[in-house]
Protein chains: 2
Amino acid sequence: MASDHTRSAILAAAERLYADRGFGDVTLRDIVAEAGVNLAAVNYHFGSKDELIAELFVTRSIATNRERLRELKAAEEEGGGRAPIEVILRALVGPTLRGCLGPENQRSTAARFMIRASIESVPPIRRIKNREIDHLRKFAGAMRRSLPDRSDVDIYWGLNFALAMAHHTIRESERLTKLSEGKCDLDDVEDVVARVVSVATMALTAGRVEAKVPSKVAAR
Amino acid sequence: MASDHTRSAILAAAERLYADRGFGDVTLRDIVAEAGVNLAAVNYHFGSKDELIAELFVTRSIATNRERLRELKAAEEEGGGRAPIEVILRALVGPTLRGCLGPENQRSTAARFMIRASIESVPPIRRIKNREIDHLRKFAGAMRRSLPDRSDVDIYWGLNFALAMAHHTIRESERLTKLSEGKCDLDDVEDVVARVVSVATMALTAGRVEAKVPSKVAAR
DNA sequence: GATAGTTTCATACAACTGTTTGAATTGCAA
DNA sequence: TTGCAATTCAAACAGTTGTATGAAACTATC
């Protein structure tokens, strides 16, 4: 097995650089310079640049997903198989938001990397994201058990909107801060989580929308 | 001057290719081949590749923003300066959703291009997006007039969530279809608009005296 | 039809990319 | 120490990219 030193030095350097400068303009040569290793080391240890990126992303994704499922499982067990919808939603968006928001100076490299990954979405990452569906289905299942009266369509839309609000807020956190002139405090992560969960809960529990809106409603 | 033929052939070809294959792997040589013009023509007519992309995106953005403001202005005039919040939200997310969703085979090249732009977010486009804040402020203003009791913070969060749901649904439309096994019909654009507007309205009006939610949203 | 200005074209350029190679070095077991 | 595999390294490779050049082909005006 040897020392693994080079390998992990590359991983750390790559994550740092991608987090800071994005995938677009970080080359292998930048990475090996930062890591203090030889250019060929990346291909020797990872096979290719894409596989390096994939390994970084998979590692972080697994960590987040495990945390989400841990919270979900705990909630369902406590409720004897049915968890309150807010708690499920919190398990869904909480870990990601907590990982990616918060005061910038104490944001981890891993968090900043994941933000980049959600903004730039480079091919190897997209491929992995497509396999995330099974993971989301577990949440859809829990939501269905929590809201048995709700139609599948509504469940999926609720899930979609919850993820939408969480991810978009992360992606565009800078713009929201600027737009609101600092009035929206994105460093107060628990407030953000509460807002997202609250709106998603309303989406899932309030009166459902008519499937077809006669589009006269707008003109009114 | 002159015929402009080459210029517009390049624009059309570039938009088509970017829409189909994304920014990542479309080169200038691909574009000029598709347009049937010489390689040097791009730099001659646009200065650089980035300026070509920027021109494409600006053109489409202006069209969308104009449409949004047109709907907003009409609504506010009809309401004597105050439009119902659903109508404002509909003006905000409607044009984009209508432009980017709907049956794939009848989706315009322009629409598919804008979807790509929202997914891949290449540098010249990011630069332009940052200037969109002034445009959003106009909507924040209208929302404030519509919901005078609401705090600025809540207004901005509502605006953020509305955009979040619209954009995320566009970005991840494929995944939502797969996740829901086709149960969520993304071709029914007016239904999608109604869902987004409905949830965003709830986000903005919940927990308050239902100021003036005219029609059906509060009901059922 | 000569002229001046614009537009097109083939071609070259310079830089950068990820990857490969084969020799040198290291680490470790016998 | 010897031998062998794993690792590191400098260098080159092969390909692609966007851009620049200078001559040729147009176009319109006089």
Side-chain angles (χ1 to χ4, degrees), chain A residues 1-58 113 116-117 120-128, chain B residues 1-58 113 116-117 120-128:
Chain A
M1 282 274 142
S3 76
D4 260 2
H5 168 268
T6 302
R7 211 187 129 83
S8 47
I10 291 173
L11 283 171
E15 187 166 52
R16 217 174 315 143
L17 288 178
Y18 285 141
D20 286 344
R21 293 161 35 192
F23 298 98
D25 47 35
V26 172
T27 72
L28 280 189
R29 283 167 177 83
D30 294 331
I31 294 171
V32 298
E34 174 88 359
V37 303
N38 187 270
L39 174 60
V42 171
N43 286 276
Y44 178 79
H45 285 281
F46 298 91
S48 71
K49 185 194 187 185
D50 278 9
E51 289 175 84
L52 165 61
I53 294 179
E55 175 158 337
L56 276 170
F57 185 70
V58 165
F113 172 83
R116 285 288 181 187
E120 290 193 26
S121 183
V122 82
I125 289 183
R126 249 189 309 252
R127 275 193 289 272
I128 295 164
Chain B
M1 336 237 142
S3 76
D4 261 1
H5 168 268
T6 303
R7 210 187 129 85
S8 47
I10 291 173
L11 283 171
E15 186 167 52
R16 217 175 313 143
L17 288 178
Y18 285 140
D20 286 344
R21 294 163 32 193
F23 298 97
D25 48 34
V26 172
T27 72
L28 279 189
R29 284 167 176 81
D30 293 332
I31 293 171
V32 298
E34 173 89 0
V37 304
N38 186 270
L39 174 60
V42 171
N43 286 276
Y44 178 79
H45 285 281
F46 299 91
S48 71
K49 186 194 190 186
D50 278 9
E51 288 175 84
L52 165 62
I53 294 179
E55 176 158 338
L56 276 171
F57 184 70
V58 165
F113 172 82
R116 284 288 181 187
E120 291 194 26
S121 183
V122 82
I125 289 183
R126 247 189 311 251
R127 275 192 289 271
I128 295 164

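First the proteins, then the strands, lettered A, B, ... as listed; each starts at 1.
The nucleotide whose nearest atom lies closest to any side-chain atom of A:T27 is, among C:dT7, D:dT19, C:dT17, C:dT17. Side-chain atoms of B:N43 lie closest to D:dT19 of the nucleotides D:dT19, C:dT21, C:dT19. The side chain of A:A40 approaches D:dA10 more closely than any other nucleotide in the set D:dA10, D:dT21, C:dT6. Of the candidates D:dT19, C:dT20, C:dG18, C:dG18 carries the atom nearest the A:L28 side chain, counting heavy atoms from C-beta on.
Applying the side chain to side chain contact (heavy atoms under 4.5 Å, CB included) test between A:V37 and each of A:V32, A:V42, A:I31 identifies A:V32 as the sole match.
Rounded to whole Å, the distance from CD on A:E51 to P on C:dG18 is 14 Å. A:K49 places its NZ atom 15 Å from the P atom of C:dT20, with the value rounded to the nearest Å. Between the P atom of D:dT16 and the CG atom of B:D30 lies a distance of 11 Å, rounded to the nearest Å. Straight-line distance from the CG atom of B:D50 to the P atom of D:dT17: 15 Å, rounded to whole Å. In this structure, A:Y44 atom OH and C:dT20 atom C1' are separated by 14 Å, rounded to whole Å. In this structure, A:F46 atom CZ and D:dT7 atom C1' are separated by 14 Å, rounded to whole Å. One can place CD1 of A:I53 at 11 Å from C1' of C:dG18, the figure rounded to the nearest angstrom.
No engagement by A:A41 is indicated, since no non-hydrogen atom pair under 4.0 Å with the nucleic acid exists.
Taking only side-chain nitrogens and oxygens, A:N38 never comes nearer than 4.0 Å to OP1 or OP2 of D:dT7. Residue A:T6 has a polar side-chain atom (N or O) positioned under 4.0 Å from OP1 or OP2 of D:dT8. Between B:H45 and C:dT8 there is a side-chain N or O to OP1 or OP2 distance below 4.0 Å.
The distance between the ring centers of B:F23 and B:F57 does not fall below 6.0 angstrom.
A distance-only check finds a donor-acceptor pair linking the side chain of A:R7 to the backbone of A:H45 [under 3.5 Å]. At distances below 3.5 Å, at least one donor-acceptor pair connects side-chain atoms of B:D30 with backbone N or O atoms of B:T27.
Comparing A:R29 and B:L39 against DNA chain D, the residue whose closest nucleotide sits nearer the 5' end is A:R29.
Between B:E15 and B:R116, none of the side-chain N atoms (NZ, or NE/NH1/NH2) sits under 4.0 Å from a carboxylate O, so this pair counts as no salt bridge.
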